[in-house]
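The next block holds one structure in the form of structure tokens; read it before the comments.
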Amino acid sequence: MTLNIILLGPPGAGKGTQAARLEDEHGMVQLSTGDMLRAAVKAGTPIGVQAKAVMDAGELVSDDIVSGLIGERLDQLGAETSVIFDGYPRTAAQADALDTILSDRGRQLDHVIELLVEEDALVDRITGRFSCGTCGAGYHDRYKLPKVADTCDQCGGHDFKRRPDDNEETVRTRMAEYRAKTAPILPIYDARGIVTRVDGMAPIDQVNDAIEAVLTPAG
Ligand code: ADP
Ligand code: ADP
Ligand code: ZN
């Protein structure tokens, strides 16, 4: 069965970490607008040039740009591919756009998984976040160190990087954006009865178990 799910939660909630697990375990594909935008910035495309300052400030890139990216990326996937939306939608306009994007492609939204986290923990998570510069695998200075020091678990690479927007000041802006613009879209999905809330403060494996239970209910 083809699944379409949204992982929702503030910056640092663990969306990317959990999406990577679902990719590995179920062959689902993660569609992260943050990753797409960072790739555009790196490549210096017109979208990247436009988005860079907005991202560095921790504000939201325009709805049309991100919805356009999502539609394009979905078109590159087979109709049978299950997808995880990570960091999208982030506004009511994006939630509306996603409904159209999905229905135009014969897809429907199955689950919205909200990762519940304590805001105090998020600055700590984000300022400790780093990733493999070769394969993108995500790590944390204290919560998820590579098994062998300075060596990526996934690809053996030694080149790690940190995001320019992962500093305390920008994180505060990103959290405020989440509270003001993203959290208010939850009632739309609550009304459809498709939201499951998961304790995002639990260890990574436990969060994964809780999400698995949503995707493959017992019996
Ligand atoms: P998001 O994609 O929601 O912004 P990430 O998945 O990148 O968040 O996680 C942010 C940071 O917190 C990363 O460094 C990650 O390794 C770490 N992390 C993710 N989930 C947990 C967890 N359940 N407990 C502790 N640290 C976590
Ligand atoms: P995190 O999950 O840690 O908040 P992301 O990687 O999802 O970060 O996003 C990084 C930045 O990219 C955001 O702060 C914002 O500027 C931009 N961005 C990503 N996704 C969207 C989106 N759906 N709408 C608007 N801006 C976005
Ligand atoms: Zn790697």
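Since this is a predicted model, take the numbers as computed values, not measurements. For ligands, and for the atoms within them, numbers begin at 1 and follow the listed sequence.
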Regarding Thr91 and Asp63, is there a side-chain donor-to-acceptor distance under 3.5 Å anywhere? yes
Side chains of Met28 and Leu3: does their closest heavy-atom pair fall under 4.5 Å? yes
For the hydrophobic clusters of this structure (ILVMFWY residues joined by side-chain heavy atoms under 4.5 Å, transitively), does one cluster hold both Leu31 and Ile47? yes
Mark up the atoms of ligand 2 that fall under 4.0 Å of a heavy atom belonging to Leu37, in ascending order. 12 (O), 17 (C), 18 (N), 19 (C), 27 (C)
What protein heavy atom sits nearest atom 2 (O) of ligand 1, and how far away is it? Gly16 N, 2.8 Å
Indicate, as side chain, backbone, both or neither, the part of Pro203 found under 4.0 angstrom from ligand 1 when only non-hydrogen atoms are considered. backbone
Of the protein's non-hydrogen atoms, which lies at the shortest distance from atom 23 (N) of ligand 1, and what is that distance? Ala202 O, 2.8 Å
Close side-chain approach of Tyr88 to Leu69, heavy-atom, < 4.5 Å: no
Nearest protein heavy atom to atom 12 (O) of ligand 1, by residue and atom, and its distance? Arg125 CD, 3.3 Å
In terms of residue, atom name and distance, what is the protein heavy atom nearest to atom 16 (O) of ligand 2? Glu59 O, 2.5 Å
Report the member of Lys52, Met36, Arg163, Glu177 with the shortest heavy-atom distance to atom 8 (O) of ligand 2. Arg163
Is there a side-chain contact between Leu215 and Leu22 in this structure, where contact means two heavy atoms from C-beta onward sitting under 4.5 Å apart? yes
What are the atoms of ligand 2, with element, lying closer than 4.0 Å to any heavy atom of Gln94? 22 (C), 23 (N), 24 (N), 25 (C)
Is there a path of hydrophobic side-chain contacts, each under 4.5 Å between heavy atoms, that joins Leu109 and Met1? no
Do ligand 1 and Pro11 have nitrogen or oxygen atoms that lie under 3.5 Å from each other? no
The protein heavy atom nearest to atom 19 (C) of ligand 1 is Thr17 OG1, 3.4 Å
Does any N/O atom on Met201 come nearer than 3.5 Å to any N/O atom on ligand 1? no
Tell me which protein heavy atom sits closest to atom 20 (N) of ligand 1, plus the residue, atom name and distance to 0.1 Å. Ile204 CG1, 3.6 Å
For the 3.5 Å polar cut-off, considering only N or O atoms, please tell me whether Gly87 and ligand 2 meet it. yes
What protein heavy atom sits nearest atom 14 (O) of ligand 1, and how far away is it? Tyr139 O, 2.7 Å
Please identify which atoms of ligand 1 are closer than 4.0 Å to at least one heavy atom of Gly200. 23 (N)
Compare all side-chain heavy atoms of Lys15 with those of Leu8 and state whether any distance is below 4.5 angstrom. no
Measure the shortest side-chain to side-chain distance between Ser82 and His26 over non-hydrogen atoms and say whether it is less than 4.5 angstrom. no
What angle sits at the Zn ion (ligand 3) between SG of Cys152 and SG of Cys155, to 10°? 110°
Could you tell me which non-hydrogen atom of Val49 sits nearest to which non-hydrogen atom of Gly44, and how far apart they are? CG2-O, 3.9 Å
Could you tell me whether Thr33 and ligand 2 have an N or O pair separated by under 3.5 Å? yes
If the cut-off is 4.0 Å to any non-hydrogen atom of Gly34, which atoms of ligand 2 fall inside it? 5 (P), 6 (O), 9 (O), 19 (C), 20 (N)
Starting from atom 11 (C) of ligand 2, which protein heavy atom do you reach first, and at what distance in Å? Met55 CE, 4.0 Å
Region of Arg174 that comes within reach of ligand 2 [heavy atoms, distance under 4.0 Å]: side chain
Counting non-hydrogen protein atoms only, what is the nearest one to atom 26 (N) of ligand 2? Give residue, atom name and distance. Val61 N, 3.0 Å
Counting from 1, what ligand 2 atoms have a heavy atom of Lys15 closer than 4.0 Å? 2 (O)
Is there side-chain contact between Glu212 and Glu25, with heavy atoms separated by less than 4.5 Å? yes
Nearest heavy-atom contact between Ala19 and Leu7 is N-CD1, 3.8 Å
Atoms of ligand 1 under 4.0 Å from any heavy atom of Ala13, numbered from 1 in the order shown, are 3 (O), 8 (O)
Number the atoms of ligand 2 from 1 as they appear, then name those within less than 4.0 Å of a heavy atom of Arg38, with their elements. 6 (O), 10 (C)
ILVMFWY cluster, Ile101 and Leu77 together (side-chain gap under 4.5 Å): yes
Starting at CD of Gln30, measure out to CZ of Phe85 and round the result to the nearest 0.5 Å. 11.5 Å
Say whether Gly9 and ligand 1 are in contact under the criterion: heavy-atom distance to a ligand atom below 4.0 Å. no
Please list, in number order, the atoms of ligand 1 under 4.0 Å from a heavy atom of Tyr143. 25 (C), 26 (N)
Are any non-hydrogen side-chain atoms of Val112 and Arg192 less than 4.5 angstrom apart? no
If we number the atoms of ligand 2 from 1 as shown, the ones under 4.0 Å from a heavy atom of Arg129 are 3 (O)
Salt bridge between Asp190 and Arg197, side-chain N to carboxylate O under 4.0 Å? yes
With side chains defined as the heavy atoms from C-beta onward, is the minimum distance between Ser67 and Leu98 less than 4.5 Å? no
Considering non-hydrogen atoms of the protein only, which is the closest contact for atom 7 (O) of ligand 2, and what is the distance? Arg90 NH1, 3.1 Å
